[in-house]
Amino acid sequence: MPRSSFFQRTALALFVSLLTGLSFAGSAAAADKTFKLAWALYPGYMPWAYAEHSGIMDKWADKYGIDVEIVQINDYIESINQYTAGEYDAVANTVMDTLTIPAAGGVDSTSIILGDYTNGNDAIFVKGEGRTMADLKGKKVHLVQYSVSHYMLALALEKAGMSLDDVETANIADADFVAALQTSDVEAVVTWNPATVQLYDDPSVTSVFDSSETPGEIQDILIVKTDVLKENPELGKALTGAWYEVLAIMKKDDEEGIEARTFMAEVSGTDLADFDRQVATTYFYGPAEGAEAYGGAAMPGIVASTTGFAFSQGLLGPEAKDEGYVGVELADGTIIGDENNVKFRIDTSYMEMASKGEI
């Protein structure tokens with residue numbers, strides 16, 4: 001064998017070996033990109049539980065060379081607090097709570113999925129039969145204070161010709177909704193599912209208002225740290241892909257769909273029939289519909305109403321001089337509030353990609 005040929009082949013082998021090593025190192029580096037998503041028990045967030053359990057999240061993460069951990073937090077507000085504190089890269093919550101916790105706390109977040117709106121999942125219950133909203137006047141109402149429940153209570157009172165000044169509020173953890181009404185000192189609660197369907201079956205209490213009376217107003221979303229998303233758009237694609245794959249499965253009544261909802265029911269501490277009742281009062285958006293709604297004409301009004309409530313309750317922080325303290329960037333780039341303090345951004349591009357099969 002000619003000496004030159006030997007060296008050429010040896011050099012080629014070394015080159016191929018080097019490329020293989022670099023390729024492996026690159027894949028390993030990509031796989032080292034680990035992100036964490038937090039969620040708490042609520043029918044609108046249960047698809048995340050199944051995404052983790054079924055391996056669907058892993059499949060989408062692998063497609064983009066990343067790792068995504070989905071973690072259940074037992075207390076809803078705590079899940080948002082931990083996200084705000086930097087423990088998580090993404091969290092399932094609401095428009096209202098995004099504004100009042102991470103945004104008001106200076107954490108810049110981008111919402112990439114409009115998952116659903118509550119269409120009866122949230123309700124106000126009063127002890128006794130045949131009660132009405134008027135029976136709340138002068139009463140103490142137990143709820144997760146300053147959360148979306150507080151906001152819904154304000155909307156309900158306004159519709160009934162009253163205001164928050166007509167009631168007293170007291171804080172309660174979401175895990176204690178049902179048990180609280182069994183005690184002698186609690187007369188009224190504002191709940192969300194799975195507690196809501198349990199209380200509907202209790203003849204000793206009356207539902208005087210539910211979120212189906214404010215359709216589209218209380219929205220469940222997914223938010224991601226803006227800087228994390230900008231640096232890692234593959235995270236947004238993986239999360240969006242996993243979400244809509246699970247959503248398609250859980251909407252089916254075949255064996256796969258029933259298996260998925262049964263798992264979600266068990267995690268929720270209930271059975272399939274009860275969980276299906278919860279799903280029935282949750283309006284889940286498909287990707288095209290979600291993008292249209294999130295970028296639609298109703299959003300400026302929803303943002304204005306939400307920020308108005310937040311400011312009136314002192315939830316935007318001591319620095320807030322008016323309801324425009326936190327800037328909100330809508331899907332079309334319009335900014336509501338302070339352009340120099342934009343901390344909540346709506347990005348419909350991931351839903352649009354999903355609707356076109358481009359993820």
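- Residues T110 and V224 fail the side-chain proximity criterion, which asks for heavy atoms closer than 4.5 Å.
- In this structure, the side chains of M133 and L157 come closer than 4.5 Å at one or more pairs of heavy atoms.
- If you chain together hydrophobic residues whose side chains sit under 4.5 Å apart, M351 and I302 fall into the same group.
- In this model, no donor atom of one side chain and acceptor atom of the other lie less than 3.5 Å apart for Y64 and N232.
- Proximity of a side-chain donor or acceptor of D135 to a complementary backbone N or O of T132 within less than 3.5 Å is detected.
- Defined by atom type and a distance below 3.5 Å, a donor-acceptor pair is missing between the side-chain atoms of D210 and S207.
- No side-chain heavy atom of E168 sits less than 4.5 Å from a side-chain heavy atom of V141.
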Name every donor-acceptor pair, under 3.5 Å, that has one atom in a side chain of residues 319-326 and the other anywhere in the protein, sequence neighbours excluded.
| residue | atom | partner | partner atom | Å |
| --- | --- | --- | --- | --- |
| D322 | OD1 | G324 | N | 2.8 |
| D322 | OD1 | Y325 | N | 3.4 |

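- Defined by atom type and a distance below 3.5 Å, a donor-acceptor pair is missing between the side-chain atoms of S147 and D97.
- Looking at V303 and L330, their side chains come closer than 4.5 Å, going by heavy atoms from C-beta outward.
- Here the NZ atom belonging to K33 is positioned 9.5 Å from the CG atom belonging to L235, to the nearest 0.5 angstrom.
- Between the side chains of Q219 and Y294, no donor-acceptor pair is found at a separation under 3.5 Å.
- Between the side chains of E245 and W60, at least one donor N or O lies within less than 3.5 Å of an accepting N or O.
- Annotation for E158: atom CD does not count as buried by contact number, only 12 or fewer foreign heavy atoms lying within 6.0 Å.
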Side chain to side chain donor-acceptor pair (under 3.5 Å) for Y151 and E217? Distances and angles first, verdict last. CA-CA 10 Å; Y151 177 51; E217 184 78 31; 2.5 Å; yes

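- With no hydrogens or angles considered, a side-chain donor-acceptor pair links Y283 and E289 at under 3.5 Å.
- Taking the charged nitrogens against the carboxylate oxygens, K356 and E352 have no contact shorter than 4.0 Å, which rules out a salt bridge.
- Counted by atom type alone, S355 and Y244 present zero donor-acceptor pairs between their side chains at under 3.5 Å.
- Clustering ILVMFWY residues whenever any of their side-chain heavy atoms sit less than 4.5 angstrom apart, transitively, puts M46 in a cluster other than the one holding L272.
- Pairing each heavy atom of L315 with each of A104, the nearest pair is O-CB, 3.5 Å.
- At least one side-chain heavy atom of L37 sits under 4.5 Å from a side-chain heavy atom of W48.
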Report, one line per pair, each donor and acceptor closer than 3.5 Å where one atom sits in a side chain of residues 114-121; sequence neighbours left out.
| residue | atom | partner | partner atom | Å |
| --- | --- | --- | --- | --- |
| T118 | OG1 | N121 | N | 3.2 |
| T118 | OG1 | D122 | N | 3.3 |
| T118 | OG1 | D122 | OD1 | 2.7 |
| T118 | OG1 | S211 | OG | 2.6 |
| N121 | OD1 | N193 | ND2 | 2.3 |
| N121 | OD1 | T281 | OG1 | 3.1 |
| N121 | ND2 | Y42 | OH | 3.4 |
| N121 | ND2 | T281 | O | 3.3 |
| N121 | ND2 | T282 | OG1 | 2.3 |

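- Annotation for D253 and I258: closest pair O-CD1, 3.5 Å, computed over non-hydrogen atoms.
- To the nearest 0.5 Å, atom CG of residue L222 and atom OG of residue S109 are 10.0 Å apart.
- With sequence neighbours excluded, no residue forms a salt bridge (charged side-chain N to carboxylate O under 4.0 Å, His left out) with D338.
- Nearest heavy atoms, P215 versus E213: CD-C, 3.4 Å.
- Of the possible donor and acceptor atoms, one in the side chain of K127 sits under 3.5 Å from a partner among the backbone N and O of V186.
- Between H53 and F263, the ring planes lie parallel to each other; the angle is under 30°, not in the 30° to 60° tilted range.
- When the side chain to side chain contact (heavy atoms under 4.5 Å, CB included) test is applied to D165, the partners found at least two apart in sequence or on another chain are S163.
- Smallest separation of non-hydrogen atoms from S268 and L41: CA-CD2, 4.0 Å.
- Considering only heavy atoms from C-beta on, Y45 comes within 4.5 Å of D220 through its side chain.
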For residues 197-205, dump all side-chain donor-acceptor pairs below 3.5 Å to protein atoms at least two apart in sequence or in another chain.
| residue | atom | partner | partner atom | Å |
| --- | --- | --- | --- | --- |
| Q198 | NE2 | P194 | O | 3.3 |
| D201 | OD1 | R277 | NH2 | 3.4 |
| D201 | OD2 | R277 | NH1 | 3.1 |
| D202 | OD1 | S204 | N | 2.9 |
| D202 | OD1 | S204 | OG | 2.6 |
| D202 | OD2 | S204 | OG | 3.3 |

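- Between F344 and V95, the closest side-chain pair of non-hydrogen atoms falls below 4.5 Å.
- Here D108 does not pair with K225 in a salt bridge; the nearest charged N to carboxylate O distance is not below 4.0 Å.
- Remark: K63 pairs with no residue by the side chain to side chain donor-acceptor pair (under 3.5 Å) rule, at least two apart or across chains.
- H150 has its ring centre less than 6.0 Å from the ring centre of F309.
- Using a 4.5 Å heavy-atom cutoff, the side chains of I336 and P300 are in contact.
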